[in-house]
Every structure is written in C-alpha cells, then in structure tokens.
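First the structure, in the form of structure tokens, and then the observations on it.
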Amino acid sequence: MGTEQELRRVRLAKLQALCDAGINPYPYRFPRTHTLGQVRECWGHLEGEAMSEGTVSAAGRITNWRDMGKTVFADLRDQSGHIQVYLNQKTLGAEAFGLMRHADLGDFLGVTGRVFRTRTGELSVRAEKAELLCKALRPLPDKHSGLKNPELVHRDRSSYFTSDPEAREVFVKRARAIAAVREFLSARGFLEVETPLLQPLYGGAAARPFKTHVHAIDETYYLQISPELYLKRLIAGGFDRVFTVCKNFRNEGIDKTHNPEFTMMECYQAYADYTDILELTENLYAHVFRTVLGATTVGVPSDEAGGTLVELRFEPPWPRYRMLDLVQQHSALAVGDLDASGLRSALLALPSDHALFTEMPRERIGALSWGEMVQALFEFHVQSQLVHPCFVLDHPKETSPLCKPHRSDPRLIERFEPFANGWEIGNAYSELNDPVLQRELLEEQAARRSGGDEEAQPMDEDFCAAVELGMPPMGGLGLGVDRLVMLLSGQSNIKDVILFPFTRSGKGEGRAE
RNA sequence: GCGCCCUUAGCUCAGUCGGUAGAGCAGCUGAUUCUUAAUCAGCGGGCCGCAGGUUCGAGUCCUGCAGGGCGCACCA
C-alpha cells in the first residue's frame, strides 16, 4: 500500500464498489448553477447563522477531505476558486453519505445545497445531494508542497497545474495578452492572416530550420522559422495591413529565453516606415500592459540585478538610442568615426586576455567587416545593460538582407529592435521593396550558405518574383510573444509561459554513437 | 557542445565517518457530528536513476550511461 501501482489498485477497487452500488462514476453532465467563485461572490455576505434561501449546485475537484465520522468537510476547487462542502450523514441521508466513503482526493464532486457559514466562519455548501462526477485513479501531488521536481513540473503539466493555481494564472494573462494584441491591431485596420508552417524553403531570419519530408510528393520541407516572406507576398498581393500570431521553429539552443518552438506576432503596414512602426510598437506594448495588468509598470526578476525585482516602465515614449552611440558609449571606441581597418586595429590593440575575445575570437577579427564588428561590440558591451524598455536604432547593413538602406548613412539600415530586461523583444524594419537590391542581397546570402554558413538564407525565387511585382513602401514588426508574457507575468524562464515547453523525449535517439 | 551540481516511497525531503532505509503528506484499518495542513491509535509502502568497479560490506567511494538543474558557448 504505497507504491504507485497499489495506490491505483485501491482506487480501482473503490471504482468497482461504486459500480456495484449502481452508481456511474463517470456521469455525463452536472447542471451547476454557480462556479465556486460565484458561490463566494453571491453568498460571501452571509453572517452568523444565516443560510441562503435557495440551493446552489456547484462542482469541483476534491482537494481536501476532513472526516469527522458522521460529518465530512471537503474542499472543492474549480478554475474560479475553492469552497468548503459540509457533508453530513443526516442531511445527505445514510446511503448517499455511505457512498462518499469511496471518494478520494482528486475526484470530482458535484453538490446541491444551501450556503451557510460554519461555526468557525468558513463559507460552505451544506450538501443535500452529492454526486461523484469523476473517479480519479492517480493521486494528486502533495497538498502542501505541490509538485516541485523541475523535471516533472515541465513534463507532467496536468499534475503540475492542479497543484499550482498561480502557474495557471500566468496562462490566463497570456491568453489576455494575445487577445489584446489582436484587438489593438484589428482596431488599426490590420487583417489577421495565417502563413504555411510547412515550407519548401525557409527564410525571414537567420536560423537553422527543422527539416521534414512530405511523402505525397517525396520532397524535403521545412518548418517555418519566420512568417516574414509570406506576409510580404500578401502586401505585394494588395493587402495593405496584415498580421499573424504564429509558431516559429528554430533548431538551435534551448535556454531560459529560447524554446525551439515559440510564438511570434508579425505585422506589416503599407505606406509606413520604421519610425511609424516604432510608435506602433510602444503603443501596442502599453495597450497590452494596460489591458492585462491595468498598469504600464511591472516588477521583473532581472538577471543583470542578480535575480532581484526591477521595476520596468512600459509607458510610451521609450527612449530611442542609435546603435552606434550606444556602442561608442559602452566600449569607449569611436566606432562611428572608424572605418573597418581602423576599428580592427583598435580591437587588436586591446590586451589579448580581454573578455571581448571570448565572444569574438581574436584570430577571426581579420575576417570581420565593420558592421559585423559593431554588432559584436553591441552584443558584448551593450545588450545586457538595456534593462529598461528602449529602442535600439540603425543597425549595420550586414545584420539583415530584408531591410531598406538608411536614408542618410550608407553603412546602416533602417532597423530597430526593442529591448527590455536585457532581452531583444522584437525586430522591425523599413522593409526593403527594391527588387534589384533585394535579389542582390539574397544572392549574397545564398552564396554564404553554399560557403558553409548554415544560418544564411537560401535563395527564394518565388519571393523575389513577388517583390518584382511591386510592393508599396512599408514598415514591418516582429514581436516575441513569449517574452512579452514573461515581462507581463514576471517570469524568468520561458518554460513557465509555455503550456507545453520543449522537453527531451527520453528516447535517446541519436545518442547511441 | 563544454564545465559544475542533482537523481532516495505516489508527492516533499532527511540519511553523519562506508555498517544493511527514515520523516511529513498521501494510502489502508479503527475512533470521531463544526473541521481548516483537523486530531488520536495502529498498519503497509523502497531496483536508493541505470550498468559496472573498489570493499568483508556501497544510498554513501570510483567509472560509464540516462534524465534534470545552473553557468558558459550557440541563438545577426
């Protein structure tokens, strides 16, 4: 009595006993009149000996059971809350009361009765009828400590969520946040669309894809790494404002801010540039925060501050910083005034044990362009410092093949990334619509790819054809939804904002050799 | 991919110097008509992650493997 199997056997025996007594332990429905939260709302004002006039029918999972002999106090829980049920041999009748002996923690119970307060003041339903709604065979996690084993927390989500209402609350916020995103964009005339997740080519980002095989046509396909190239086809096709909330799949590292499949919001607005999109971004964030939290300020555990809570303000406008200025400030290198060889010698003049060289190996610097060095310096010196919400503008042109050149600096493109808590939370461009330059840049990518760069994008002729058809000038934005929810709910691990985060299968394939 | 740490009952965790396995919760039996992590009496429950090794003797020491956590790297 105590092994998993034995616990199961005991419950199966109770199940059989119920069946023998002519009870269906899995009835079809229970006409409840109130959720448990509503019971509390409607009758919370009761005082003393007062009792509700009519009866309520309420149901939930049994989370606690205090057996006093001829009286049992059981706690029921549903999504809206919890309430105590008073089960008494006299009120319920000896037969029905006797059947309750076959109930266990974790079973679902429906009761009908009047609402009252016990002598100790606990709001309770005094059951005149009680009906088992589902007999459970597995025990719930420990009623005090819950499920703590981090392996099971992310694998056995059913058990975990039963034991941690706060964890469930994160996903209520997530759902509200995504609804708020849709509401904000729809109100501004954006049409919600879907892109194929199975694609013959992949693009729109620099990432290794997941590969799959379509048997019907015997061809290799890829899971989407970004919806960008499909959304732009729609703009070329005459849709002026589109957005999608979709999954992206990237076959790369897994850590506290990276899950192999993650949720993205991407939108494109014709006749706009990145300055318009910048305002859209901060207003969208503010709208979501106001809708879900009722405030634009939130406390978030910060890695940079050793895990302590840092108060972040998402109220627009967020500060705008030019990337060159930030790098110059934090690295004390006048990157904007140096050309590639000047910057290269400045870097090589640093002491050879400088931490920078663990990020950017000394011997590779000779092969890097000016823009690649600037980007690397940004990631090394600046990124983690960007704790408060802000925008980083005007990246080197090497950082994207899908963005318009900067109108006043040929070394740069019209790109910005919003940052918060040291995380990149989005990416936006004045989108490239010059078909000649677009083809040139994608051919460059394809060449790097055949040169062994696994993250460079393959040539996509269909996409180039769409660009050649003509696209209006437009601004585009991608926002990481998971990171948005992390900020909104104060979570520091992406696995805690994804209902079913990626875990190893345990099959161990590919590890034999 | 590299480094460090973890894996003991269904759940949460102890386990000293290497000496043959413990608690609380849950479960079972009984008592109990107002409890709140109810209480009281009693009873069961273990491949100590897996496989080797050292030893008279391994939960404990060593090696390998698996799973997990953290950090680093990767992720423009």
Side-chain angles (χ1 to χ4, degrees), chain A residues 1-11 13-14 63-75 82 84-92 97 104-106 116-124 126 137-156 159-160 162-163 205-208 225 250-260 262 303 307 323 355 358-359 361 368-369 371-372 374-376 378-379 383 395-403 413 415 417 423-424 427 445 448 453-457 493 495 503-508 511-512:
Chain A
M1 218 65 84
T3 67
E4 192 165 12
Q5 242 185 3
E6 282 164 334
L7 293 171
R8 191 160 178 277
R9 208 155 36 224
V10 168
R11 287 174 176 235
K14 291 178 182 174
T63 57
N64 219 333
W65 189 265
R66 293 177 291 279
D67 187 342
M68 318 292 299
K70 287 174 181 149
T71 293
V72 171
F73 295 94
D75 295 334
H82 63 95
Q84 175 172 275
V85 171
Y86 174 84
L87 300 160
N88 181 279
Q89 191 177 49
K90 232 177 186 171
T91 330
L92 203 54
F97 187 78
D104 277 300
L105 298 186
F116 75 113
R117 279 192 193 277
T118 60
R119 265 173 227 161
T120 50
E122 182 74 29
L123 196 69
S124 309
R126 181 169 157 278
L137 295 183
R138 280 175 60 210
L140 295 174
D142 187 278
K143 66 183 175 188
H144 323 304
S145 54
L147 196 63
K148 286 275 161 53
N149 183 337
E151 190 174 342
L152 296 180
V153 162
H154 294 124
R155 273 179 200 269
D156 187 356
S159 290
Y160 177 60
T162 64
S163 76
R208 290 176 64 184
I225 62 170
R250 298 189 185 173
N251 209 340
E252 290 172 341
I254 303 170
D255 63 27
K256 284 169 106 172
T257 55
H258 297 264
N259 197 64
F262 63 100
D303 287 338
M323 182 183 271
T358 59
E359 181 107 351
L368 294 182
S369 67
E372 287 167 329
V374 170
Q375 178 69 25
F378 172 79
E379 283 165 23
Q383 177 161 346
H395 298 53
K397 65 176 165 46
E398 290 87 341
T399 62
S400 171
L402 298 165
C403 182
I413 51 178
R415 174 183 186 184
E417 291 175 305
W423 306 330
E424 178 194 338
N427 186 24
Q445 287 283 315
R448 286 175 56 172
D453 184 346
E454 287 191 89
E455 282 171 5
Q457 311 183 30
N493 190 336
K495 288 187 172 171
T503 55
R504 260 182 211 278
S505 69
K507 289 188 290 190
R511 302 196 130 234

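Reminder, nothing fancy here: chain letters follow the sequence lines and each chain counts from 1.
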Pairwise distance CG(A/Leu147) to OG1(A/Thr162) - rounded to 0.5 angstrom: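 It comes to 8.0 Å.
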In Å and rounded to the nearest 0.5 Å, what is the OG1 to CD distance from A/Thr118 to A/Gln84?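 That separation rounds to 5.5 Å.
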Which nucleotide in the set [options] lies at the smallest distance from any side-chain heavy atom of [X]?
X        : options             : answer
A/His144 : B/U33, B/U35, B/A37 : B/A37
A/Asp67  : B/U12, B/C34, B/U32 : B/U32
A/Arg155 : B/G69, B/C75, B/G67 : B/G67
A/Pro150 : B/C34, B/C70, B/G69 : B/G69
A/Lys148 : B/C75, B/C34, B/C13 : B/C13
A/Val10  : B/C34, B/C28, B/U12 : B/C28
A/Lys14  : B/U33, B/C74, B/G27 : B/G27
A/Lys143 : B/C28, B/A26, B/U35 : B/A26
A/Met68  : B/G71, B/C34, B/G68 : B/C34

State whether A/Arg66 places a side-chain N or O below 4.0 Å from either non-bridging phosphate oxygen (OP1 or OP2) of B/U35.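 Negative; the distance criterion is not met.
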Hey, is the side chain of A/Asn64 poking within less than 4.0 Å of OP1 or OP2 on B/A38, counting only N and O atoms?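 Indeed, a polar side-chain atom of A/Asn64 lies that close.
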Pairwise side-chain contact, A/Leu140 with A/Ser163, heavy-atom cut-off 4.5 Å (strictly under):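 No. Closest side-chain heavy atoms not under 4.5 Å.
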Min side-chain heavy-atom separation A/His82-A/Thr63 under 4.5 Å: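 Of all side-chain heavy-atom pairs linking A/Thr63 with A/His82, none is under 4.5 Å.
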Rounded to whole angstrom units, what separation is found between the [atom1] atom of [X] and the [atom2] atom of [N]?
X        : N     : atom1 : atom2 : value
A/Trp65  : B/A38 : CH2   : P     : 13 Å
A/Arg11  : B/A26 : CZ    : P     : 12 Å
A/Glu151 : B/A66 : CD    : P     : 14 Å
A/Ile254 : B/C70 : CD1   : P     : 12 Å
A/Asp255 : B/C70 : CG    : C1'   : 12 Å
A/Gln89  : B/C34 : CD    : P     : 13 Å
A/Leu105 : B/U35 : CG    : P     : 20 Å
A/Gln84  : B/A37 : CD    : P     : 11 Å

[atom1] spacing across the pair [N] / [M], given as an integer number of angstrom:
N     : M     : atom1 : value
B/C61 : B/G19 : P     : 11 Å
B/U8  : B/A58 : C1'   : 14 Å
B/C11 : B/C48 : P     : 15 Å
B/G45 : B/C6  : C1'   : 25 Å
B/G49 : B/A21 : P     : 15 Å
B/U16 : B/G52 : P     : 25 Å
B/A9  : B/C13 : P     : 11 Å
B/G18 : B/G57 : C1'   : 8 Å

Looking only at N and O atoms, is any donor in the side chain of A/Asn88 or the base of B/C34 less than 3.5 Å from an acceptor on the other one?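 Flag unset: no donor-acceptor pair detected.
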Confirm from the modelled atom types if A/Glu122 and B/U35 form a donor-acceptor pair under 3.5 Å, side chain to base only.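 No, the side chain and the base share no sub-3.5 Å donor-acceptor pair.
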Which residue, A/Lys495 or A/Glu455, contacts RNA chain B at a nucleotide closer to its 5' end, judged by nearest heavy atom?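 Nearest nucleotide further toward 5': that of A/Lys495.
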Residue closer to the 5' end of RNA chain B, A/Leu147 versus A/Arg119 (nearest nucleotide):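 This one resolves to A/Leu147.
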Can you list everything that forms a salt bridge (Lys or Arg N to Asp or Glu O under 4.0 Å) with [X]? Sequence neighbours excluded, please.
X        : result
A/Arg250 : none
A/Glu398 : none
A/Arg117 : none
A/Asp156 : A/Arg138

Mind checking [X] for me? I need base, sugar-phosphate or nothing, with any heavy atom below 4.0 Å counting as a touch.
X        : answer
A/Ser145 : sugar-phosphate
A/Lys256 : sugar-phosphate
A/Asn149 : sugar-phosphate

Are there any protein N/O atoms within less than 3.5 Å of an N/O atom in nucleotides 5-10 of chain B, and if so, which ones and at what distance?
unit_1: B/G10; atom_1: OP1; unit_2: A/Glu4; atom_2: N; d: 3.2
unit_1: B/G10; atom_1: N7; unit_2: A/Gly2; atom_2: O; d: 2.9

Under 3.5 Å: donor-acceptor pair, side chain of A/Gln375, backbone of A/His395: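 Not a single qualifying donor-acceptor pair exists.
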Without swapping roles, check the side chain of A/Gln445 against the backbone of A/Gln457 for a donor-acceptor pair under 3.5 Å.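 Such a contact is found between A/Gln445 side chain and A/Gln457 backbone.
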Would you find more than 12 non-hydrogen atoms of other residues, nucleotides or ligands less than 6.0 Å from A/His154 atom NE2?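 Atom NE2 in A/His154 is packed in, count exceeds 12.
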Does RNA chain B take part in any stems of at least 3 consecutive Watson-Crick or G-U pairs (both distances under 3.5 Å), and if so, which ones?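 The stems that RNA chain B takes part in, listed by first number, are B:1-7 with B:66-72, B:10-13 with B:22-25, B:27-31 with B:39-43, B:49-53 with B:61-65.
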A/Thr71 and side chain to side chain contact (heavy atoms under 4.5 Å, CB included): which partner among A/Asn88, A/Leu92, A/Leu87?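 Single side chain to side chain contact (heavy atoms under 4.5 Å, CB included) partner of A/Thr71 among A/Asn88, A/Leu92, A/Leu87: A/Asn88.
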